[in-house]
Structures are given as C-alpha cells and as structure tokens.
There are 2 protein chains.
Amino acid sequence: MSDAPTTMAQVARLAGVSTATVSHVINQTRKLSPATEARVRSAIAELAYIPDPSARSLRAGSSDVVGVAMPAISNPYLATFVHELEEALAAVGKSMLLADTHDDPEVEVKAVRDLIARRLGGLVLAPSGTPDYAIELGRRYAVPLVMIDLMQERDDCDQIVVESVEAVEKVTAHLIDKGHRRIGMVSGLPGIRTTDQRTAGYRLAHERAGLPLDAALSPSGRSSRAGGRAAADALLDLADPPTALVTGNNAMTIGSLEAIKARGLTVPGDVAMVCFDDFDWAELFEPQLTAIAPQVTLHARRVVEMLGRRTEDPSMPAQHETLTPKIMHRNSCGCDPTTAVPL
Amino acid sequence: MSDAPTTMAQVARLAGVSTATVSHVINQTRKLSPATEARVRSAIAELAYIPDPSARSLRAGSSDVVGVAMPAISNPYLATFVHELEEALAAVGKSMLLADTHDDPEVEVKAVRDLIARRLGGLVLAPSGTPDYAIELGRRYAVPLVMIDLMQERDDCDQIVVESVEAVEKVTAHLIDKGHRRIGMVSGLPGIRTTDQRTAGYRLAHERAGLPLDAALSPSGRSSRAGGRAAADALLDLADPPTALVTGNNAMTIGSLEAIKARGLTVPGDVAMVCFDDFDWAELFEPQLTAIAPQVTLHARRVVEMLGRRTEDPSMPAQHETLTPKIMHRNSCGCDPTTAVPL
DNA sequence: TTGTACGCGTTATCAA
DNA sequence: TTGATAACGCGTACAA
C-alpha cells in the first residue's frame with residue numbers, strides 16, 4: 001500500500017523505454033512513434049505517475065507557482081482579489097503560494113525573500129513600504145514581479161494600480177457639497193502607499209473647497225477592524241466631532257461602523273459615511289454604503305496577463321497600468337440612491 | 001546586477017570550506033569551530049545566499065509548504081478560515097499553497113493530485129465528494145492529510161469538523177417554535193458532505209416537530225451567491241411560499257437576501273431568516289442575521305496542530321475532532337436580540 | 001526514432 | 001573538526 005511515489009524511471013522500465021522518452025512524451029517535446037507513445041502513456045496511467053515539481057523546478061530554475069504577498073487576506077476586498085487571482089492563475093495552469101504580510105514592512109521583507117528564493121514563476125506584491133529590495137531580488141532570481149497598489153513613478157517595475165487620489169477627492173467633495181464641514185478621515189498608517197494616496201485625496205478636496213484641514217480629523221491606525229474602531233472612537237470623542245466620515249479601506253470601514261453603533265448613533269442620520277473598497281453585499285443591508293469600488297476581477301486578470309507578458313519578454317520596458325474604480329452611490333452618504341446622480 | 005541566484009557552492013568557495021560545512025551551518029546539524037562557522041555566516045551574508053527550496057525538497061522528499069484545497073475562497077467564511085490558517089501555519093514556519101476546487105469534485109481531484117504530487121508538508125482538504133482518492137494519494141506520497149467539513153465515520157483519515165446536524169436542527173426548531181409552518185431550506189448540491197449534513201438537520205427538526213416535509217421547500221443549487229439566488233427565487237415563486245428560510249452557507253445567504261430584496265420583501269417582516277456561517281460584520285447592519293457561527297480561529301489552529309502531530313507520528317491512529325459552532329441569536333429570525341434567550 | 005549521460009542545488013553517508 | 005561524493009527526479013544536449 002504504502003508505495004513510494006512513482007518516478008519517471010519506473011515508468012520507463014515498465015514501458016521498456018528510456019527516461020528521456022518518457023520525459024518527451026510528457027512534455028510533447030519530440031515526435032515519437034505512436035506505438036511507444038501509447039506504451040508510455042499506459043505505463044504512466046498504470047503507475048499513476050505524477051512528475052515531481054521540485055525536480056522539475058530545480059532543473060528548470062523556475063516553476064509554475066506564483067507567489068502572492070498581501071497585507072491582509074482577512075480584508076474582504078483583498079480576499080476577493082486573492083480569489084480572483086487564484087482563478088485567473090488556474091486558468092493558465094499556475095498555482096498560488098499565498099503569504100500575508102500583515103501590513104508590516106518587516107514581515108513583508110521576510111515573506112518576499114522567502115517567496116522569491118523559491119524561484120517562483122512570478123510574484124504579485126502589494127507593497128507596504130519601499131519595495132526596492134523586492135525589485136532587486138526579483139531581478140536577481142529572474143522572478144517576474146508585478147506590483148499592485150503602488151502608484152509610484154518608477155520605471156523599474158511593472159505596476160497595476162487602482163487610482164485613488166481622484167476617487168477619494170470625489171467622494172469627499174460630495175460630502176462637502178452636502179454641507180458637511182467637519183469630515184473625519186479614518187485611514188491606515190502613514191508611509192504605506194495606499195494610505196498616503198487616499199489621505200491625499202481627502203486633503204485635495206478640502207483644498208479645492210477652501211476648507212481648513214484639522215489634523216485631529218485624520219487620525220490613523222493599523223488597517224484593521226480594530227484600527228478603524230480606535231480611529232473612529234478618537235474622532236467621535238472629539239469635542240467638536242465630525243458629521244461625516246471617509247474610511248480608507250474595507251476593514252476600517254467595519255471598525256468605524258462598530259464605533260458608531262457603540263454610541264447608539266446612526267448612519268447617515270448622525271454620521272454620514274463614504275468608504276474606500278466596496279462590499280459585494282452592500283446593497284442588501286442597511287445602511288447601504290456609498291463606496292469606491294475597485295474592479296477586482298479586472299484587476300486580477302490584468303495582473304495575470306502582465307505576469308505572462310513579463311515572463312515571455314523579461315527585457316521589455318516596465319509597464320504601468322491604472323484602473324479607475326467605480327463609485328457606488330448609495331445611501332450612507334445621506335442621499336436617496338433612487339434619485340441621486342452618479343458621482 | 002543581474003547575477004544568478006547564489007548557490008551553496010559559491011558560499012563554500014568564498015568561505016574556503018566545503019558545501020557540507022555550509023549545509024551544516026545552515027541546519028545546525030553538526031558542531032563546528034566558531035571560526036569556520038563565523039566565516040561561513042559572513043559569506044552567506046555577503047552573497048545574500050538563500051537556500052533553494054526546490055533542491056531541498058527534492059532531496060528531502062517533502063517540504064514546508066502546506067497545500068490547502070477549498071471549495072470557494074470567495075465564500076467569506078472560507079476566506080476567513082484561509083486567513084487564519086495562513087496565520088497559524090506561518091507561526092510554525094510553514095507556507096500555504098492555495099487551490100480552489102470550485103465546489104466541483106472533478107476540479108478537486110485535479111487540484112489534490114497536483115498538490116500531493118508536490119510532496120508537500122501537508123494537505124488540508126475540504127472535500128466535496130468522496131475523498132478516497134485523496135487518502136490513497138496522501139498515503140502513497142507520505143503527505144499528512146487533514147480533512148475539514150467531512151464528518152464521516154471512517155478511521156483512515158484525520159478530520160476536524162464543525163458539528164452541523166444538531167446546529168441546523170436547533171435553528172430550524174426555533175423557527176418552528178415561532179410558528180412558522182412552511183420553512184424553506186436553501187442549500188448546496190446533494191452529495192456534497194456539508195450540504196447533506198445541513199439538510200439532515202433541517203429534516204430532523206421537522207420530524208421531531210411532526211411537521212410534513214415538502215420537497216419543493218428544499219431546492220438546491222451551487223453553493224454560490226447565484227445558486228442561492230436561484231434557489232430562493234424558486235421558493236418565493238411557489239404558490240404557497242415559505243415564511244422563513246434556512247440557508248446552508250455564507251454565499252447562499254447573500255443570494256437569498258438578493259432574491260428577497262428583489263421582490264421588495266423585508267427580513268424578518270415578510271420572511272424570517274436563519275443561516276449557516278456567520279459574518280463578522282453581522283451586528284453592524286440591518287437585518288442582523290441570526291447565524292450558526294463556526295469558531296474559525298480555533299478550527300484553523302486545531303488543523304495546524306493536527307498536521308504537526310501527524311507529521312511527527314505518521315503511524316498514529318486517525319484522529320477525529322468535532323467543534324461545536326456557536327449560535328448567534330440576532331433579529332433576522334424575528335426575535336428581539338436584547339431580550340431573546342440563547343439558542 | 002530513440003537512448004546515454006550530465007547537471008540543477010541540497011543533504012547525508014562515509015572517510016579522513 | 002571537516003571534506004568528498006553519491007544520490008534525490010527530471011530535462012536536454014549529444015550520440016546512435
């Protein structure tokens with residue numbers, strides 16, 4: 001019962017051919033007489049032979065596994081993204097090695113080193129801080145690298161990002177239009193790219209409207225539910241609390257709602273809300289969140305395509321793609337979605 | 001710049017020792033003079049050497065990567081589980097190779113074959129159908145295997161499952177107690193273990209209450225949002241539609257709500273609801289879903305522990321563990337959570 | 001049309 | 001205290 005795994009040599013022996021022939025049958029890399037090919041195939045079937053990917057990738061210096069390093073899989077948006085990525089990768093015969101960087105640059109470095117050392121067939125990274133080390137390692141190990149959510153003008157890495165500044169500016173301006181003068185921003189730790197982009201949009205809206213910026217109105221914390229809860233708590237405890245909130249990501253949106261609920265306040269009655277990252281169930285529950293919705297499926301597909309192109313031509317110039325998110329105008333901002341205009 | 005990856009041989013050369021010595025330094029598997037050890041370490045640092053996992057696992061016949069095959073990562077509950085699993089694995093220095101079986105036994109077979117062929121350090125499987133093939137392959141390749149959501153009396157594989165029959169019975173009985181006589185069950189395709197368990201609980205409650213079972217009241221479909229939508233549509237289109245719904249999983253809950261909303265009906269006013277799988281934001285939105293909540297974090301930890309034990313002692317008898325889910329009594333069943341008793 | 005034989009980077013066995 | 005060297009399973013250049 002407890003046979004060791006079948007090897008190519010065993011298949012070869014059973015089929016009465018050399019291992020080279022077996023290899024060629026498997027990879028369709030040489031014309032063979034139908035007779036031998038048939039013999040080999042039946043031997044493969046009989047022994048339930050499966051090639052050893054370790055040996056393969058040792059030999060080849062790369063593999064069909066794509067590494068994915070994300071700041072937080074628990075974040076519903078990223079979970080969806082990961083799912084879509086898995087699907088898109090599976091469609092081209094690739095597998096996914098998943099690592100969570102916990103939104104921590106140090107953990108990220110470790111994870112990326114680990115992933116790249118595996119001489120993977122690619123790496124998808126949502127970098128927290130400066131990803132120079134990743135770019136260098138990727139080059140060194142010849143691992144195609146695609147950054148998401150980076151949004152930086154650098155010509156030495158492929159990026160596919162979601163436009164954030166304008167989007168956040170737009171929803172913030174909407175709140176201002178509706179008469180809000182003290183708007184809070186619940187966002188992640190500064191220094192992390194996505195956070196900085198979103199905060200920039202928030203500030204931009206204020207500048208354009210000639211509204212003063214109150215530092216107390218944009219506390220920051222970890223991009224987690226707890227972080228969002230804490231930041232929103234701080235905002236609501238202000239002597240002059242905000243009448244509206246902009247949240248920087250999915251997890252923090254939930255945390256903020258928690259803080260609001262805990263005070264017995266309602267949305268949008270007491271506090272209006274607008275958030276980055278959509279929930280796919282958003283229209284089924286009250287309040288229905290007005291949200292900036294990145295196009296996840298598209299994003300994932302583009303990443304896989306990019307990885308493919310980069311793999312084919314490692315020397316092509318770095319590619320940058322920007323995806324424009326949709327804005328889902330619902331009722332948490334205080335509008336009636338049935339009559340409201342698109343933002 | 002574009003140096004090839006550093007190999008152990010290069011480190012050995014720079015340090016003026018043999019590869020054997022380098023290997024021993026890395027694995028702490030032999031006492032060496034402090035002097036040589038220091039030389040080796042500095043060579044490793046200077047060349048930024050990282051051992052090649054492919055070579056290692058080729059040599060060792062196993063690796064520190066654990067495969068995870070799930071029916072649908074998009075399912076919020078499983079996404080959380082995957083996340084917790086990643087965390088628990090990372091804590092013991094293991095990585096996660098993720099595959100989505102799309103709730104399809106055929107895809108599952110392919111995925112599991114692929115995963116096991118990699119001579120992984122373990123495999124966590126949520127099987128759709130009969131997992132005999134997986135058990136046999138796992139044994140053959142000496143890959144420790146842990147099944148989740150299987151719930152079957154078989155002594156040839158480790159399982160950690162969430163009790164489902166009693167839990168579903170309980171929430172269904174609650175609906176009956178509240179006066180509902182036509183209760184619909186939205187569940188996955190028959191033949192899939194989790195589905196069958198949950199349907200059994202639904203039936204059991206009816207039997208115990210002496211209520212007749214109407215086959216039209218338990219349509220089934222894919223365990224997806226669309227599947228839930230379709231099944232709920234069918235139920236609500238009935239001449240004598242149900243006044244309450246039990247949903248079999250996370251995704252189908254969302255689909256069912258979609259169907260309800262589309263008809264302008266409300267929960268729990270027009271249709272009461274009770275569902276399997278909790279949402280971590282459930283208390284923040286209306287309706288607040290009364291839900292059966294598996295203890296995800298605990299589940300994930302137990303799986304990793306089990307994997308560890310099995311790895312240490314491959315010959316120990318198969319282990320079975322059953323986790324009891326919590327029932328979160330909220331308002332979608334028609335109760336007032338502030339005064340309601342625990343179920 | 002097919003086979004031989006080497007090497008990918010490690011680790012473990014043996015020897016020094 | 002350390003080194004040579006033979007595997008691990010596969011793909012491919014070279015030969016036949």
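Proteins come first, then strands; the chains are lettered A, B, ... in the order of their sequence lines, and each starts at number 1. All values derive from a computational prediction rather than experimental measurement.
OP1 or OP2 of D:dC8 has not a single side-chain nitrogen or oxygen of A:Thr7 nearer than 4.0 Å. Residue B:Arg56 places at least one side-chain N or O under 4.0 Å from the OP1 or OP2 atom of C:dT11. In terms of phosphate contacts, A:Ser23 brings no side-chain nitrogen or oxygen within less than 4.0 Å of OP1 or OP2 of D:dC10. Residue B:Ser18 places no side-chain N or O under 4.0 Å from the OP1 or OP2 atom of D:dA4. Proximity of B:Tyr49 to the phosphate of C:dT10: a side-chain N or O atom is located under 4.0 Å from OP1 or OP2. Contact annotation: B:Thr36 side-chain N/O to D:dT2 OP1/OP2 distance is under 4.0 Å.
Between the NZ atom of B:Lys31 and the P atom of D:dT2 there is a distance of 11 Å, given to the nearest Å. A straight line from CZ of B:Arg30 to P of C:dA12 spans 11 Å, rounded to a whole angstrom. Atom C1' of nucleotide D:dG3 and atom CZ of B:Arg39 are separated by 13 Å, given to the nearest angstrom. As rounded to whole Å, 11 Å separates atom P of D:dG11 from atom CG of A:Leu58. As rounded to whole Å, 11 Å separates atom P of C:dC8 from atom CD of B:Gln10. When rounded to the nearest whole Å, the span between CZ of B:Arg59 and P of C:dC8 equals 16 Å. Between the C1' atom of D:dT1 and the CD atom of B:Glu37 lies a distance of 13 Å, rounded to the nearest Å. The distance from atom CZ of B:Arg13 to atom P of C:dG9 is 12 Å, rounded to the nearest whole Å.
There is a side-chain donor-acceptor pair under 3.5 Å between A:Thr6 and B:Arg140. Judged purely by distance below 3.5 Å, without hydrogens or angles, the side chains of A:Glu84 and A:His299 never pair a donor atom with an acceptor atom.
Here A:Val17 lies in heavy-atom contact (under 4.0 Å) with sugar-phosphate atoms only.
A salt bridge is defined here as a Lys NZ or Arg NE, NH1 or NH2 lying under 4.0 Å from an Asp or Glu carboxylate O, and B:Arg302 with B:Glu305 meets this definition.
Atom CZ of A:Arg309 sits in a crowded spot, with more than 12 heavy atoms from other residues, nucleotides or ligands closer than 6.0 Å.
Interatomic distance, CD1 of B:Ile160 versus NE2 of B:His320, reported as 10.5 Å (0.5 Å rounding).
The side chain of B:Ala55 approaches C:dG9 more closely than any other nucleotide in the set C:dG9, D:dT1, C:dT11. Closest to the side chain of A:Ala20, out of D:dT12, D:dC10, C:dT10, is D:dT12.
Comparing A:Thr29 and B:Gly16 by the nucleotide of DNA chain D whose heavy atom lies nearest to each, the residue mapping closer to the 5' end is B:Gly16. Of the residues near DNA chain C, B:His24 and B:Asp52, the one whose nearest nucleotide (by heavy atom distance) lies more toward the 5' end is B:Asp52.
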